[in-house]
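Here the structure is laid out as structure tokens; the discussion comes afterwards.
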Amino acid sequence: MNEHDSETISGMLQQRGYIEAPEKNESDITIINTCSIRENADKRFFGTLGQLKKIKEKNPEYVTCVCGCMMQQDHIVQELKQKYPWVDIIFGTHNICEFPDMLEEVYERRSKATKRTKNRDLRIHRVYEDTDKIAEGLPAKRLYKHKSFVNIMFGCNNFCTYCIVPYTRGREKSRKPEDIISEIKALVSDGVKEVTLLGQNVNSYSGVGADGKQWDFTDLIYALNDIDGLERIRFMTSHPKDLSDKLIKAFRECDKLCNYIHLPVQAGSSRVLKRMNRRYTREKYLDLVRKLRQAVPGIAISTDIIVGFPGETEEDFEETLTLAKEVQYDSAFTFLYSIRKGTPAAEYEDQIPELVKHERFNRLLDIMNNGSAMKNAAYVGRVEKVLVDGLSKKDDKIYSGRTEGFKLVDFTADENAGEELIGQIVEVEITDSNTFSLRGRLK
Ligand code: SAH
Ligand code: SF4
């Protein structure tokens with residue numbers, strides 16, 4: 001979601017005539033889009049900001065802007081104001097659309113400044129409260145010509161006890177189905193073949209159509225499946241508590257819906273899941289996986305897992321290991337639990353010592369990596385449809401793309417194949433595999 005926000009920010013600036021600097025150090029404006037999900041990102045942000053001070057000292061024209069989820073936290077904004085006075089613009093996730101105007105306002109204030117103008121009067125700090133409004137029609141500078149992210153909803157109502165998102169991104173708001181459909185049709189006319197629908201919990205999408213009819217997520221999928229020229233539909237993220245039989249059926253009936261689902265489990269112990277406020281049990285989750293595999297044999301499944309949530313015992317953790325072995329995930333994002341100020345779990349007294357967290361994390365990673373390697377090995381000899389993303393950075397004779405199941409494939413083609421393969425869906429014979437990717441050759 002943050003990546004897509006960055007694409008929107010770039011798109012808006014491009015529309016006003018700004019151009020991207022070839023090198024980080026050559027820019028006149030720097031924008032840092034932050035994430036507050038885990039502490040690591042916080043630390044990196046403040047480190048990077050420190051380095052920008054030196055550039056600012058050399059170039060008084062320089063404009064430093066910071067945005068993203070971290071700016072929706074009061075204590076962060078206070079810290080920035082007090083300790084980082086060279087930051088010119090602070091804006092939050094709810095007022096991205098106003099950023100180009102803020103930038104122009106800073107230039108205008110600077111042009112009118114006199115010796116008596118106070119430094120603080122040249123800065124803009126605008127972090128808005130959540131509103132019901134959704135800014136429509138913002139441009140986006142896409143990383144790829146042939147694929148695109150599309151927000152279908154914003155915010156989250158789930159309040160998992162470890163998570164900061166509902167506090168930074170606000171309450172759930174769904175876009176109107178017609179707005180989503182027309183955005184995707186326009187993307188398709190511009191060459192997009194694959195869309196990834198974004199939301200913190202897409203399964204709770206609830207949009208109101210022009211005729212007043214309520215649309216759920218699956219209604220939207222069926223409508224998108226009818227768009228000519230669109231070839232692949234993906235979505236992220238799907239909360240297990242709201243994954244409906246209707247959606248499982250849509251996997252079978254909608255040919256454009258990729259046979260892949262990211263289904264974050266977070267933990268394998270029902271006791272921990274309850275304390276996380278996830279509102280499903282281990283059994284319910286395993287049951288969903290069974291249903292998905294029954295309906296869509298071969299569906300690729302990935303997940304998110306948090307290790308060392310407060311109160312997690314060795315037995316609880318082993319339940320995560322056994323669940324992972326049972327599900328046989330295609331891939332997983334594994335995280336060390338990170339205390340997020342303002343969330344209920346930050347106040348729990350039974351925090352897990354760092355050493356224990358790391359030790360468990362390494363055990364889990366071993367199992368997940370072995371599992372992914374085994375899953376990938378089973379692809380050798382098969383022919384997969386791959387949407388070609390580009391040429392490998394390391395070797396311009398090797399193409400790289402994704403299968404329907406979101407597996408990364410590096411492959412070779414004939415000597416005379418060129419860049420025209422990029423953006424095409426091609427058949428690739430898989431010849432080799434490792435933990436994180438497949439290798440092959442064009443059929
Ligand atoms: N809405 C998505 C998740 C968005 S955050 C969902 O519910 O699936 C992405 C992932 O970050 C989460 O799935 C979780 O595994 C991880 N995460 C969130 N808060 C965290 C925290 N405090 N510590 C460690 N990992 C966290
Ligand atoms: Fe965070 Fe839970 Fe919402 Fe996902 S569903 S964003 S983990 S609160």
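Order of appearance sets the numbers: ligands from 1, and atoms from 1 within every ligand. This is a predicted model, so every value here is computed, not measured.
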- Message: I'd like to know if Gln266 contacts ligand 2, where contact means a heavy-atom distance under 4.0 Å to any ligand atom.
- Response: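 It does not; every heavy atom stays at 4.0 Å or beyond.
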Give the residue and atom name of whichever protein heavy atom lies nearest to [atom], and the separation in Å to one decimal.
atom: atom 16 (C) of ligand 1; result: Arg38 NH1, 3.4 Å
atom: atom 6 (C) of ligand 1; result: Thr237 CG2, 3.8 Å
atom: atom 10 (C) of ligand 1; result: Asp304 OD2, 3.4 Å
atom: atom 7 (S) of ligand 2; result: Tyr162 OH, 3.4 Å

Pair [X]-[Y], side-chain donor/acceptor within less than 3.5 Å:
X: Asp255; Y: Asn225; answer: yes
X: Thr313; Y: Asp316; answer: yes
X: Tyr162; Y: Gln266; answer: yes
X: Glu7; Y: His4; answer: yes

- Task: Give yes or no for whether the N/O distance cutoff of 3.5 Å, strictly under, is met between Gln200 and ligand 1.
- Result: yes
- So SG of Cys160 and CG of Leu273: to nearest 0.5 Å the spacing works out to 10.0 Å
Side chain or backbone of [X] under 4.0 Å from ligand 1, or both, or neither, by non-hydrogen atoms?
X: Tyr162; answer: both
X: Ser338; answer: both
X: Arg340; answer: side chain

Close approach, [X] and ligand 1, non-hydrogen under 4.0 angstrom:
X: Ile306; value: yes
X: Leu336; value: yes
X: Arg278; value: yes
X: Ile37; value: yes

Which class fits the ring pair [X] and [Y]: parallel under 30°, tilted 30 to 60°, perpendicular over 60°?
X: Tyr399; Y: Phe411; answer: parallel
X: Phe99; Y: Phe91; answer: parallel
X: Phe251; Y: Phe235; answer: tilted

- Note on the structure: In short, Asn203 meets Ser238 closest at the heavy-atom pair ND2-OG, 2.7 Å
- Item | Lys147 NZ/CZ over Tyr144 ring centroid, <6.0 Å and within 45° of normal |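 Relative to the ring axis of Tyr144, which defines the angle, Lys147 lies inside both limits.
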- Under 2.8 Å from atom 3 (Fe) of ligand 2, which protein N, O or S atoms are there? Could you list them by chain and number?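 Near atom 3 (Fe) of ligand 2, the protein supplies Cys156 SG.
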- Please confirm whether the backbone N or O of Thr93 pairs with a side-chain atom of Gln72, one donor and one acceptor, at under 3.5 Å?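 Checking the backbone N and O of Thr93 against the side chain of Gln72, a donor-acceptor pair under 3.5 Å is found.
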- Message: Using a 4.0 Å cut-off to any heavy atom of Arg278, which atoms of ligand 2 qualify?
- Response: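 Per the distance check, 2 (Fe), 7 (S).
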- Message: Quick test of your reading: applying salt bridge (Lys or Arg N to Asp or Glu O under 4.0 Å), list the pairs with at least one residue in residues 292-309, sequence neighbours left out, ordered by first then second residue.
- Response: none
- Note on the structure: Taking only non-hydrogen atoms of Gln266 and a 4.0 Å limit, the atoms of ligand 1 in range are 12 (C), 13 (O), 14 (C), 15 (O)
- Can you tell which of Leu220, Leu197, Thr196, Ile184 makes a side chain to side chain contact (heavy atoms under 4.5 Å, CB included) with Ile233?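 Among Leu220, Leu197, Thr196, Ile184, the one meeting side chain to side chain contact (heavy atoms under 4.5 Å, CB included) with Ile233 is Leu197.
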